[in-house]
Amino acid sequence: MQQVRHRYEARQRAQEHLHAEEINEAKLQFFINISHEIRTPMSLIISPLEKLMATDKDSERQKSYSIIRRNSERILQLINQLMDIRKIDKGQMLLEFQETDLVTLLQDIYTIFDFQAKVRNIDFRFHYSTESLNAWIDPKNFDKIIINVLSNALKFAPANGQVALFLNTVRDETGEFAEIVITDSGIGVSESEIERIFDRFYQIRNSQNNSNMGTGIGLHLTRSLVELHHGSIRVENNPDGKGCSFIIRLPLGKEHLSPEEVKERSVLPARVVSPAVYRENPLPEEEKKIRSRSKWRVLIVEDDDEIRNYMSGELSEEYHITESVNGKEALALILENAPDLVISDIMMPEMDGITLCRKIKQNVNINHIPVILLTAKSGEEDNLEGLSIGADAYLTKPFSLEIVKKTIENIIKNREILRNTFNGNQQQAENIQEIKMKTPNERLQERVMFLINENIANPDLSVEMIAAGVGISRVHLHRKLKELTNQSTRDLIRNIRLKQAATLLSSGKPVDTAEVAYATGFTHMSYFSFVFKEMYGMSPKAYLEKHLQDKS
C-alpha cells in the first residue's frame, strides 16, 4: 500500500514538473511572438531618431533624443535576451571559441560600467592577479554573462556602496580554471532564493518593499551561456552579511572543446563589448538655473534617475522642484520643510510610495499635503490600494507629462480655492458680528478636547474615560472622531500630547525632556522619543536644542 502511494506521489510530482515546464514554454513562446512584433516598430523609432540626432543641433532636444535612444536600446536588449534563450532551448546557439585575453576583455567591460558607478557614488574596482590570462571563449556571447551579472550588482548596490570584479586562476582535482567573482554590498539573496535565482522567469523579491525585481530572464540566460562555455556559476551571500557574490568558473585550455567549437585565430585583445546598449549620459555640464514661474514647491520621489531627472527638468519652469530617491529620505525632507505637493513612485527601496503616502496622511502636521502616486502597475486593485490610503491621484506608467502637469495644476488650484474660501470667511468675520450657533458635532468635539487637555498629564487617560465623560459609547465616539478629525480617539490623544510637548520644548527655555514627557502623560521615554520623531522628524532633545539655538 505504501509503495502504491509513493508511486502515485512520484507520478504527481512528475506531472507537476511537466506542467510547470509547459507553462514556461508557453510563456516563452508568447514573449518570443511579441518580441518579433516589437522589433519592427522599434526599428522605426530608432532609425528616424538617429537621423534627428545627426541633424538637429538644439541641445535641449538632444537630451530628449538621448533618453529615447537609451531606453529604446534597453527594450531591444530584453528582446535579444529572449531570442538568445529560445536559440539555446532549440539547440541553435552554436558558440565559436577563440583564445581571448580575459584581462583586456574585463577591463573594457569595467570601463563601460565605471561611469554608471560614479554617478551613483558606488566604489567600483577591478582586481586581477596577472597582467594577462588567456582563455577559450566565444567573444560575441561571453560578454553578455559579465554584463548581466554586473548590471544586477550595480542595480542592487546602494548609493555609496561597493561593487568589485575579481579575476584569478584556481586549481582543483578536475583541472585549472579562470575564476571571475562579482561582488556587491546590496540586499543579498535570501537562502530560499539561492537555489532558484537562475530559474527562468524567477524574480528576486526585494525585502525592502516586498516587490519583484527584474524580468527573471537575465540570470537564466547567464547560467545557460556559462554552461555552453563548459563552466559553472553560483551565488553566495557575503560573510559580512552585506550583499552577495557571483562566482563564475571557466576551464582553461581547449581540451574540453570539440573541433567544431574551436575557431583558430591569434589571441584577441580587442574590445568585444558593444557599448551602445549601456551608453550613459555624458557627465552633466553646469546648467543654467531655471527660474520657476510660481511659488509652489513640488517634491519628486523616484529611484530611477532618468525618470526623476526628466520630470524635474520638465516641471522646473513651473514649480520649485526638490528631488529624493526613496521614501525614507523623502519623509525626512517633508517633515523638515513641507512641500506643497508630493509626486512619488510606488516601487522604491528603503520605503515604498504606499508606505510614504500612508505616513504622510497619518501625520497631522503634514496630512494636508497632496500626494500623486506613479506606478507601472495598471490593475484596478492597485489603483484602489493607492486611493484607499489617501492618495490624491494615481497615474500609471507610461504617463503623459501633460496629464501629470494638469493633475498637479488642478490639485494645487483646488487647494488654493479652499484656502481663499477660508480666508474670505475670516475677513468677513472681522466686519460682521456673527451669531455663533454650535452644532452637536462641534459641542462633542469641544467636550472631547476639554477632557484631553484637562487630563493631559494623566498617563491613565483612555478612550473609555473620554467616552464616559462625554456620555456616549466607545464605538460611537470612535466613529464621530474619525468623521470629524480623520483620527481615532487614541491617535487624537497621542497627537495632542505631542503638540503640547512640542510647545514646551520650543518655548526657548532649557527644560528637561523627561519632565516634558511626564508632564504630557508619557510614562516611557523610549516610546515618547519614537512617536515624537515620527511626527516632527527629529528627537525631542534635537528639537529642544534647535529652538534654543533659534532663540539665542
Atom pairs and distances, donor-acceptor, side-chain atoms in residues 457-475, under 3.5 Å, two or more places apart:
{"unit_1": "Asn458", "atom_1": "OD1", "unit_2": "Asp460", "atom_2": "N", "d": "2.9"}
{"unit_1": "Ser462", "atom_1": "OG", "unit_2": "Glu464", "atom_2": "OE1", "d": "3.4"}
{"unit_1": "Ser462", "atom_1": "OG", "unit_2": "Met465", "atom_2": "N", "d": "3.3"}
{"unit_1": "Glu464", "atom_1": "OE2", "unit_2": "Arg474", "atom_2": "NH1", "d": "2.1"}
{"unit_1": "Ser473", "atom_1": "OG", "unit_2": "His476", "atom_2": "N", "d": "3.1"}

Under 3.5 Å, side-chain donor or acceptor atoms of residues 502-520 against the rest of the protein: list the pairs with distances, not counting sequence neighbours.
{"unit_1": "Thr503", "atom_1": "OG1", "unit_2": "Lys499", "atom_2": "O", "d": "2.9"}
{"unit_1": "Ser506", "atom_1": "OG", "unit_2": "Ala502", "atom_2": "O", "d": "2.8"}
{"unit_1": "Ser506", "atom_1": "OG", "unit_2": "Thr503", "atom_2": "O", "d": "3.3"}
{"unit_1": "Ser507", "atom_1": "OG", "unit_2": "Leu504", "atom_2": "O", "d": "2.9"}
{"unit_1": "Ser507", "atom_1": "OG", "unit_2": "Lys509", "atom_2": "N", "d": "3.4"}
{"unit_1": "Asp512", "atom_1": "OD2", "unit_2": "Ala514", "atom_2": "N", "d": "3.1"}
{"unit_1": "Asp512", "atom_1": "OD2", "unit_2": "Glu515", "atom_2": "N", "d": "3.1"}
{"unit_1": "Thr520", "atom_1": "OG1", "unit_2": "Val516", "atom_2": "O", "d": "2.8"}
{"unit_1": "Thr520", "atom_1": "OG1", "unit_2": "Ala517", "atom_2": "O", "d": "3.1"}

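Listed by chain and number, the residues in a side chain to side chain donor-acceptor pair (under 3.5 Å) with Ser312 are Glu323 (sequence neighbours excluded). Not counting sequence neighbours, Glu336 has no partner by the salt bridge (charged side-chain N to carboxylate O under 4.0 Å, His left out) test. Residues passing the salt bridge (charged side-chain N to carboxylate O under 4.0 Å, His left out) test with Arg125, sequence neighbours excluded: Asp123. In this view, Lys242 satisfies the salt bridge (charged side-chain N to carboxylate O under 4.0 Å, His left out) rule with no residue, not counting sequence neighbours.
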Check your understanding: Under the side chain to side chain contact (heavy atoms under 4.5 Å, CB included) criterion, do Leu373 and Val371 qualify, and how do the steps go?
Key -> CA-CA 6 Å; Leu373 292 177; Val371 178; 4.0 Å; yes

Exercise for review: Please assess Ser245 against Glu236 for the test side-chain hydrogen bond (donor to acceptor under 3.5 Å, both in side chains), listing each intermediate value before the final yes or no.
Suggested key: CA-CA 5 Å; Ser245 299; Glu236 296 175 354; over 6 Å; no

Exercise for review: Could you go through the side chain to side chain contact (heavy atoms under 4.5 Å, CB included) check for Asp184 and Gln162 one step at a time?
Suggested key: CA-CA 6 Å; Asp184 66 73; Gln162 296 88 37; over 6 Å; no

Exercise for review: Go through the steps for Leu341 and Ile372 under the test side chain to side chain contact (heavy atoms under 4.5 Å, CB included), then give the verdict.
Suggested key: CA-CA 8 Å; Leu341 182 137; Ile372 298 173; 4.0 Å; yes

Practice item. Evaluate the side chain to side chain contact (heavy atoms under 4.5 Å, CB included) criterion for residues Met449 and Ile496: first the C-alpha distance (whole Å), next the side-chain angles of each, then the deciding distance (0.1 Å), finally the verdict. Key: CA-CA 9 Å; Met449 295 299 290; Ile496 291 172; 3.4 Å; yes

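For the pair Pro158 and Gly186, the tightest heavy-atom approach, listed with the atom from each and the gap, is CD-CA, 3.8 Å. For the residue pair Thr407 and Ala393, the shortest heavy atom distance occurs at CG2-CB, 3.7 Å. Nearest heavy atom pair, residue Ser185 against residue Gly161, reads OG-CA, 3.5 Å. Smallest separation of non-hydrogen atoms from Asp392 and Pro370: OD1-CA, 3.1 Å. Across every non-hydrogen atom of Lys361 and Asn367, the tightest pair is O-CB, 3.3 Å. Smallest separation of non-hydrogen atoms from Ser529 and Pro540: CA-CD, 3.8 Å.
Atoms CD1 and CG, from Ile182 and Leu154 in turn, are 9.5 Å apart once rounded to the nearest 0.5 Å. Within the model, atoms NZ of Lys328 and CG of Asp352 stand 13.5 Å from one another, a figure rounded to the nearest 0.5 Å. Distance check: Asn238 CG to Cys244 SG gives 6.5 Å after rounding to the nearest 0.5 Å. In this structure, CG in Leu374 is found 9.0 Å from CD1 in Ile300, a value given to the nearest 0.5 Å. A distance of 11.5 Å separates OG1 in Thr355 from CG in Asn326, rounded to the nearest 0.5 Å. Taking CZ of Phe528 as the start and NE2 of His524 as the end, the distance is 14.0 Å to the nearest 0.5 Å.
Checking Gln487 against Asn495 by side-chain atom types alone, a donor-acceptor pair falls below 3.5 Å.
Using a distance-only test at 3.5 Å, with no hydrogens or angles considered, a donor-acceptor pair links the side chain of Arg497 to the main chain of Ile456.
Phe113 is not listed as a side-chain neighbour of Val163, based on a closest heavy-atom distance of 4.5 Å or more. Taking 4.5 Å as the limit, some side-chain heavy atom of Lys118 sits within range of a side-chain heavy atom of Asp114. Looking at Phe246 and Thr183, their side chains never come closer than 4.5 Å, going by heavy atoms from C-beta outward. When side chains are defined from C-beta on, Arg494 counts as touching Tyr527, because their heavy atoms get closer than 4.5 Å. The closest side-chain heavy-atom distance from Met311 to Glu302 is not below 4.5 Å. At a threshold of 4.5 Å between non-hydrogen side-chain atoms, the residues His478 and Ser488 count as touching. Using a 4.5 Å heavy-atom threshold, the side chains of Asn363 and Leu335 count as touching. Contact annotation: the side chain of Gln500 approaches that of Asn453 to within less than 4.5 Å [non-hydrogen atoms, C-beta and beyond].
The aromatic rings of Phe532 and Tyr543 stand perpendicular to each other, their planes meeting at an angle above 60°, with 30° marking the opposite boundary.
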